[in-house]
Amino acid sequence: GENVEQHPSTLSVQEGDSAVIKCTYSDSASNYFPWYKQELGKGPQLIIDIRSNVGEKKDQRIAVTLNKTAKHFSLHITETQPEDSAVYFCAASYTGTYKYIFGTGTRLKVLA
Amino acid sequence: AAGVIQSPRHLIKEKRETATLKCYPIPRHDTVYWYQQGPGQDPQFLISFYEKMQSDKGSIPDRFSAQQFSDYHSELNMSSLELGDSALYFCASSVKLVPDTQYFGPGTRLTVL
């Protein structure tokens with residue numbers, strides 16, 4: 001069945017450094033890949049997304065890259081700040097169902 | 001901007017009791033999704049509705065049922081609650097023009113004692 005693997009499970013970086021989180025999906029029909037940030041006790045918040053017809057997308061300090069051939073996509077956060085500390089989830093879905101298959105999450109800790 | 005509203009935010013029930021969770025999607029959103037998130041886990045898809053019809057079904061137990069009403073709000077009914085049902089339950093909504101982009105509510109934390 002559909003599966004999304006996410007690495008690493010935890011990531012600690014110094015403030016100002018970059019953070020990279022990687023996900024691999026199994027279903028080649030997947031064509032939409034959102035990233036969510038979840039703070040403790042809150043719902044997932046959409047931070048960036050990418051569709052399968054695009055290889056890269058950037059929004060200020062956040063960027064996402066997609067490699068359809070290898071079936072993996074990555075989240076890049078530059079100039080990290082303490083408020084970036086949270087759990088980040090990748091997800092995959094495809095036209096027709098739109099339900100999300102989530103990765104297992106990455107706990108990012110930005111050290112001041 | 002208006003967000004997804006879920007109620008109640010916290011719910012404590014005994015085993016074998018029944019619980020009803022409510023979700024009010026973002027205005028003009030016509031699709032609702034329900035997810036269950038256990039402690040330290042990723043959200044798992046339960047069920048979705050588009051225009052008041054069930055559109056997809058995931059790992060939802062037979063003890064659970066859901067529906068979407070004419071005003072697009074949705075309710076998740078959970079019966080014969082078990083200890084393992086303790087989790088965060090999220091509702092998300094999307095709009096027909098961009099059906100794949102889901103916006104999540106703050107969640108309902110259900111504790112079964």
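Every chain is numbered from 1 and lettered A, B, ... according to where its sequence line falls, protein lines coming before strand lines.
In the hydrophobic clustering (ILVMFWY side chains linked at under 4.5 Å, chained through shared members), A:L40 stands by itself.
Linking Ile, Leu, Val, Met, Phe, Trp and Tyr whenever their side-chain heavy atoms come within less than 4.5 Å puts A:I62 and A:L66 in one cluster. Under a hydrophobic clustering in which Ile, Leu, Val, Met, Phe, Trp and Tyr are joined whenever their side-chain heavy atoms come within less than 4.5 Å, directly or via other members, A:F89 and B:L46 fall into different clusters. Both A:L46 and B:L88 belong to a common hydrophobic cluster when Ile, Leu, Val, Met, Phe, Trp and Tyr are linked at side-chain heavy-atom distances under 4.5 angstrom. Both A:I47 and A:I50 belong to a common hydrophobic cluster when Ile, Leu, Val, Met, Phe, Trp and Tyr are linked at side-chain heavy-atom distances under 4.5 angstrom. Under a hydrophobic clustering in which Ile, Leu, Val, Met, Phe, Trp and Tyr are joined whenever their side-chain heavy atoms come within less than 4.5 Å, directly or via other members, A:I48 and A:V54 fall into the same cluster.
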I'd like a table of donor-acceptor pairs (distance under 3.5 Å, sequence neighbours excluded) in which one partner is a side-chain atom from residues 15-22 of chain A, with atom names and distances.
none

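What you find for B:F90 and A:G43 is that their closest heavy atoms are CE2-CA, 3.2 Å.
A:P34 does not touch chain B: none of its heavy atoms, backbone or side chain, sits under 4.5 Å away.
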Across chain B and chain A, going purely by atom type as modelled, what donor-acceptor pairs are there at a distance under 3.5 Å?
{"from": "A:Y32", "atom 1": "OH", "to": "B:T101", "atom 2": "OG1", "distance (Å)": "2.9"}
{"from": "A:Y36", "atom 1": "OH", "to": "B:Q102", "atom 2": "O", "distance (Å)": "2.5"}
{"from": "A:Q38", "atom 1": "OE1", "to": "B:Q37", "atom 2": "NE2", "distance (Å)": "3.0"}
{"from": "A:Q38", "atom 1": "NE2", "to": "B:Q37", "atom 2": "OE1", "distance (Å)": "2.9"}
{"from": "A:R51", "atom 1": "NH1", "to": "B:D100", "atom 2": "OD1", "distance (Å)": "3.1"}
{"from": "A:R51", "atom 1": "NH1", "to": "B:D100", "atom 2": "OD2", "distance (Å)": "2.4"}
{"from": "A:R51", "atom 1": "NH2", "to": "B:D100", "atom 2": "OD1", "distance (Å)": "3.2"}
{"from": "A:T97", "atom 1": "OG1", "to": "B:D56", "atom 2": "OD2", "distance (Å)": "2.1"}
{"from": "A:Y98", "atom 1": "O", "to": "B:Q102", "atom 2": "NE2", "distance (Å)": "2.7"}
{"from": "A:Y100", "atom 1": "N", "to": "B:Y35", "atom 2": "OH", "distance (Å)": "3.1"}
{"from": "A:Y100", "atom 1": "OH", "to": "B:D100", "atom 2": "O", "distance (Å)": "2.5"}
{"from": "A:Y100", "atom 1": "OH", "to": "B:Q102", "atom 2": "N", "distance (Å)": "3.0"}

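Ranked by heavy-atom pairs under 4.5 Å with chain A, the list B:P43, B:A92, B:G3 is led by B:P43. Counting heavy-atom pairs closer than 4.5 Å to chain A, the top-ranked of the candidates B:G107, B:G40, B:P106 is B:P106.
Among pairs with a residue in residues 60-82 of chain A, those fulfilling salt bridge (Lys or Arg N to Asp or Glu O under 4.0 Å) read A:R61-A:D84, at least two apart in sequence or across chains.
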